[in-house]
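Everything numeric in this text was worked out from a predicted model, so none of it was measured. FYI, side chains are in, hydrogens and waters are out, and symmetry mates aren't considered; it's all heavy atoms of this structure. Note on naming: letters A, B, ... go to the chains in the order of the sequence lines (proteins, then strands), and numbering restarts at 1 for each one.
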There are 2 protein chains.
Amino acid sequence: MTTRWLDDRERVAWVRLAAVMELLPGVLDSQLRRDAELTHFDYFVLAMLSEAPERTRRMTHLAAQTNATLPRLSHVVRRLEERGLIERFPCPEDARATNARLTAAGWAKVQATAPGHVATVREHVIDALSPAQVDQLAEIGEAILARLDPERRVAEGSEG
Amino acid sequence: MTTRWLDDRERVAWVRLAAVMELLPGVLDSQLRRDAELTHFDYFVLAMLSEAPERTRRMTHLAAQTNATLPRLSHVVRRLEERGLIERFPCPEDARATNARLTAAGWAKVQATAPGHVATVREHVIDALSPAQVDQLAEIGEAILARLDPERRVAEGSEG
DNA sequence: CAGAAATAGTTGTCTCTACAAGTTTATCGG
DNA sequence: CCGATAAACTTGTAGAGACAACTATTTCTG
């Protein structure tokens, strides 16, 4: 079985996507760490909870929404709980499960942090693109996610 | 100063890009770790060296090409050197600088690893897109990188 | 040409993530 | 209804990146 190498167009597209994946997380993390002492993943977790009914979600649901493994989420939620931004309690319907709920302090943190985060996303991504390119990016993302995550558990909720 | 929130189209595009950035690195790392005991970043470093003159680059140049900080690259190169895939030696023209050179074993590793890696990139990214979308992705990547990395140090060399 | 500043890299520490293993509870098959 | 399997976490450990501090050269400036 012989390899189908990438042609020039494909290679350029891939190298640029790889570069974005290498650089963008650092930019997002830096802004959030500096202004709110949160990683981008921390923020995403808090943001997903802030939009959930009762600002509460089961850990498994939250893991799916944030594209994280359960062990990773468990560590992150423990740290956020230690900081008073989230609280955990057993799920009444299923004794195996744990619910995570945003505290008042966590809600305030999201409110305070969202504007700066959205500004960063605008500055480095959205405002760099034409309206047509924004739509193209949504379609391209959809196509790639269909391969990465065929079950499409990924959050479609807002993030700010 | 009032926040310009994301509208629906912008939100969808951003959430999908964020999901791709969360999931794709894991997929690439898993395949390379399983088949070659390399991270994607390790592979990218070896690939950049494999295309350099004499298969040699100064650390600073290599760091710029791979979008890495110098401390990060230094750790990675040390580990690859311990495995015999790279060797380091002082740069003759500038005593401050270090050159990194791919060894024969490193070259063989790149040759052996490239087909599986390219297949993974095809499967999860390129082959998920139409030819028009591949070109759109290249343009979108370019636009975002212009904001992330205005000096455009990023590699435009091939990667396989 | 001396001192200051910048450049190139290495090293140490701390945090975060992946992976593996363990615990508790629910569900399924006979 | 009992044992086996699966599900939902939690915890421990080890590896990789971020950041800061340090060393060794080179370049710039008065």
Query raised in the report: Under 4.0 angstrom, heavy atoms only, what part of the nucleic acid is A:Asp94 near: base, sugar-phosphate, or nothing?
Result: sugar-phosphate

For residues 128-140 of chain A, run the donor-acceptor check on the side chains, cut-off 3.5 Å, and write out each pair with its distance to 0.1 Å, sequence neighbours left out.
from, atom 1, to, atom 2, distance (Å)
A:Ser130, OG, A:Gln133, N, 3.1
A:Gln133, OE1, A:Ser130, N, 3.1
A:Asp135, OD1, B:Arg9, NE, 2.9

Query raised in the report: Separation of A:Asn99 atom CG from C:dT25 atom P, in whole Å?
Result: 16 Å

Taking only N/O atoms, report every protein-nucleotides 12-14 of chain C pair under 3.5 Å with atom names and distance.
from, atom 1, to, atom 2, distance (Å)
C:dG12, O6, B:His75, NE2, 3.0

Query - Whichever of B:Met59 and B:Ser30 has its nearest DNA chain C nucleotide further upstream toward 5' - result: B:Met59

Query raised in the report: Is B:Arg78 paired with B:Glu82 through a side-chain N to carboxylate O contact shorter than 4.0 Å?
Result: yes

Query raised in the report: Thinking salt bridges, do A:Arg147 and B:Glu123 make one under a 4.0 Å N-O criterion?
Result: no

Requested in this report: Under the side chain to side chain contact (heavy atoms under 4.5 Å, CB included) rule, collect the residues that match up with A:Ser30, sequence neighbours excluded.
Outcome: none

Query raised in the report: Can you name the residues that form a side chain to side chain contact (heavy atoms under 4.5 Å, CB included) with B:Val77, not counting sequence neighbours?
Result: B:Met59, B:Leu73, B:Ile86, B:Arg88

Query raised in the report: Between A:Asp42 and A:Lys109, is there a salt bridge with N-O shorter than 4.0 Å?
Result: no

Report task. With heavy atoms under 4.0 Å as the rule, sort A:Arg33 into base, sugar-phosphate or nothing. Result -> nothing

**Report entry** Residues B:Arg122 and A:Glu10 bridged, charged N to O under 4.0 Å
**Finding:** yes

Query raised in the report: What's the CG-C1' distance between A:Leu70 and C:dA20, to the nearest Å?
Result: 14 Å

Query - B:Asp29 CG to C:dA18 P, straight-line distance once rounded to whole Å - result: 9 Å

**Report entry** First-last contacting nucleotides on DNA chain D - partner chain A, under 4.0 angstrom, heavy atom
**Finding:** D:dA7 to D:dG12

Report summary line: To the nearest angstrom, the CZ-P distance between A:Phe41 and C:dT17 comes to 7 Å

**Report entry** Distance in angstrom units between A:Glu37 CD and C:dT15 P, rounded
**Finding:** 12 Å

Query raised in the report: If you measure from the Lys or Arg side-chain nitrogens to the Asp or Glu carboxylate oxygens, is any gap between B:Arg16 and A:Glu142 under 4.0 Å?
Result: yes

Report task. Starting from P on C:dT15, measure out to CZ on A:Arg79 and report it in whole angstrom. Result -> 9 Å

Query raised in the report: CD of A:Glu82 versus P of C:dC16: gap in Å, rounded?
Result: 11 Å

Query raised in the report: Within the structure shown, what part of the strands sits under 4.0 Å from A:Thr60 by heavy-atom distance: base, sugar-phosphate, or nothing?
Result: sugar-phosphate

Report task. Assign A:Ser74 to base, sugar-phosphate, or nothing according to its heavy-atom contacts below 4.0 angstrom with the strands shown. Result -> base

Query - B:Thr120 and B:Gln31 side chains, donor-acceptor separation under 3.5 Å - result: yes

Query raised in the report: Using a cut-off of less than 4.0 Å, is there contact between a side-chain N or O of A:Arg78 and OP1 or OP2 of C:dT17?
Result: no

Report task. Kindly say whether, by distance alone, the side chain of B:Arg96 makes a donor-acceptor pair under 3.5 Å with the base of C:dT7? Result -> yes

Query raised in the report: Separation of A:Asp42 atom CG from C:dT15 atom P, in whole Å?
Result: 13 Å

**Report entry** side chain to side chain contact (heavy atoms under 4.5 Å, CB included) involving B:Arg57 - partner list, sequence neighbours excluded
**Finding:** B:Leu49, B:Ala52, B:Pro53, B:His61, B:Leu62, B:Gln65

